[in-house]
Amino acid sequence: MLRFTTAGESHGQALVSVLEGMPAGLPLLASHVDSELARRQQGYGRGRRMQIEKDGVEFLSGVRAGETIGSPISMLIRNRDWKNWQEIMDPAPRDTDIAGGLRRRAVTRVRPGHADLTGILKYDRDDARDILERASARETTARVAAGSIARRLLAELGISVGSHLVHLGGVDATRPVHLPSDLNTAADASPLRTLDPLAERAMIERIDAAKKEGNTLGGICEVVVTGLPVGLGSHVSWDRKLDGRLGAAMLSIPAVKGVEIGMGFGAARVSGAEVHDEIALAPGRTRAGNVSRPTNNAGGLEGGMTTGEPVVIRVAMKPISTLMRPLGTIDVATREAAAATAERSDVTAVPAMGVIAEAMAALVFADAVLEKFGGDSLPEIQRNLDGYLSHLAARLGG
Ligand code: EPS
């Protein structure tokens with residue numbers, strides 16, 4: 001239904017994002033995308049690169065007079081830092097002098113945990129820059145651009161996507177029993193996007209200490225999607241189950257190593273009576289099929305389909321693999337033991353990862369919405385959703 005692809009190197013001229021399958025008639029301004037790009041650039045613990053960039057989108061196609069027109073939406077986001085990398089990143093062949101200079105600046109002390117080593121072996125390159133430029137999480141800018149349009153579609157249908165940080169570098173945040181109704185406004189007010197001010201202080205201390213040590217930190221964000229109608233996704237085939245589609249989307253984010261839905265791994269440690277969410281009639285809860293649950297341990301998904309309760313996904317990110325106090329490695333040019341390359345990088349990017357996870361969730365849910373409600377224009381999708389909701393309203397004594 002919905003397809004997107006990205007292109008671009010971290011220090012190349014620009015990033016490109018192409019999103020295909022959005023209906024016509026969706027109001028869309030560059031500022032809708034730019035505000036999400038700005039959210040991704042925030043977060044305590046980021047390096048100097050984020051002071052250089054000020055990400056902004058240029059629509060190249062698919063949008064006219066403030067509305068989508070149903071054609072592929074292509075977007076360009078320029079890298080401001082490119083002007084400092086033009087010679088290194090130049091696509092043209094080099095003369096011998098320049099080639100010699102660039103060889104001396106090649107990245108050959110491959111970083112443990114990064115794509116450097118596996119990438120040069122697989123793609124048969126001598127300079128790990130050919131790998132790291134694309135493996136860089138800079139690419140996620142283009143995902144957030146596509147995700148911000150998916151988010152616009154969902155918003156028109158009453159569905160919202162938010163996130164907050166629940167763990168950083170060994171410090172847990174206490175999760176409020178009731179999340180704020182505008183989750184992102186609350187989370188974005190914190191430099192770490194966490195709702196626990198005490199934990200926030202401890203996390204900032206950890207980040208400062210890690211920076212002094214030349215070390216890096218990982219963490220966990222929780223994505224929450226509300227307003228979903230029951231029955232997106234399907235139980236009938238493995239590749240239509242939303243748990244799997246969300247898992248794949250989240251695990252594709254650089255440095256993400258784990259995903260939990262609802263109670264997640266915790267559900268494996270206790271009995272069924274402590275896990276499954278009991279069902280009661282609740283007329284008027286149309287999107288949930290006129291039922292309610294005292295708990296949401298399922299995280300809003302049963303049988304690969306939305307239940308109508310909030311979808312809750314936790315996403316775990318490992319520490320960034322570029323350490324300023326480098327780990328031991330080999331130099332692939334000299335074949336000697338060496339300290340890994342220490343390029344400028346962030347101490348942590350977990351707050352940004354939450355925004356990226358929101359974008360990926362928005363893309364998965366926009367796809368699931370288009371699958372169920374179809375339609376080539378926004379009004380057609382709205383009519384189809386309204387028809388489904390009035391059918392649901394009449395069921396189970398609603
Ligand atoms: C990154 C290294 C840093 C980060 C970058 C990801 O960039 P640089 O090497 O230019 O200092 O800032 O993240 C972004 C540029 C971004 O937009 O998120 C890496 O090696 O993955």
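In each ligand, atom 1 is the first atom listed, and ligand 1 is the first ligand listed. Only this structure's heavy atoms are used, side chains among them; waters, hydrogens and symmetry mates stay out. Quick caveat, the model's predicted, so the values are computed rather than measured.
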Counting heavy atoms under 4.0 Å, the part of R46 that contacts ligand 1 is side chain
- Under 4.0 Å between a Lys/Arg side-chain N and an Asp/Glu carboxylate O for R293 and E309? no
E371/R245 ion pair, N-O < 4.0 Å
yes
A student checking ligand 1 against R49 at a 4.0 Å heavy-atom cut-off should list atoms 7 (O), 8 (P), 10 (O), 11 (O), 12 (O), 15 (C)
Looking only at protein heavy atoms, what sits closest to atom 5 (C) of ligand 1 is S136 OG, 4.0 Å
Looking at H114, R138, R134, the heavy atom closest to atom 20 (O) of ligand 1 belongs to H114
Is the shortest distance from a heavy atom of M50 to ligand 1 less than 4.0 Å?
-> yes
Which of L389, L392, V230 passes side chain to side chain contact (heavy atoms under 4.5 Å, CB included) with R287? Answer is L389
- Query: Could R94 and E87 be called an ion pair, given the rule that one side-chain N must be under 4.0 Å from one carboxylate O?
  - Reply: no
Counting from 1 in the order shown, the ligand 1 atoms closer than 4.0 Å to a non-hydrogen atom of R40 are 16 (C), 17 (O), 18 (O)
Quiz prompt | Donor-acceptor side-chain pairing of S10 and R134 below 3.5 angstrom | solution = no
**Request:** Answer yes or no: is there an ion pair linking R129 with E9, defined by an N-O contact shorter than 4.0 Å?
**Result:** no
message = Between ligand 1 and G47, can you find any atom pair, the residue atom being a heavy atom, that is separated by under 4.0 Å?
response = no
Partner of E53 under salt bridge (charged side-chain N to carboxylate O under 4.0 Å, His left out), picked from R40, R80, R138, is R138
closest protein heavy atom to atom 11 (O) of ligand 1 is R344 NE, 2.5 Å
The answer for which part of H11 has a heavy atom under 4.0 Å from ligand 1 is side chain
Logged contact type for T322 with ligand 1, heavy-atom cut-off 4.0 Å, is neither
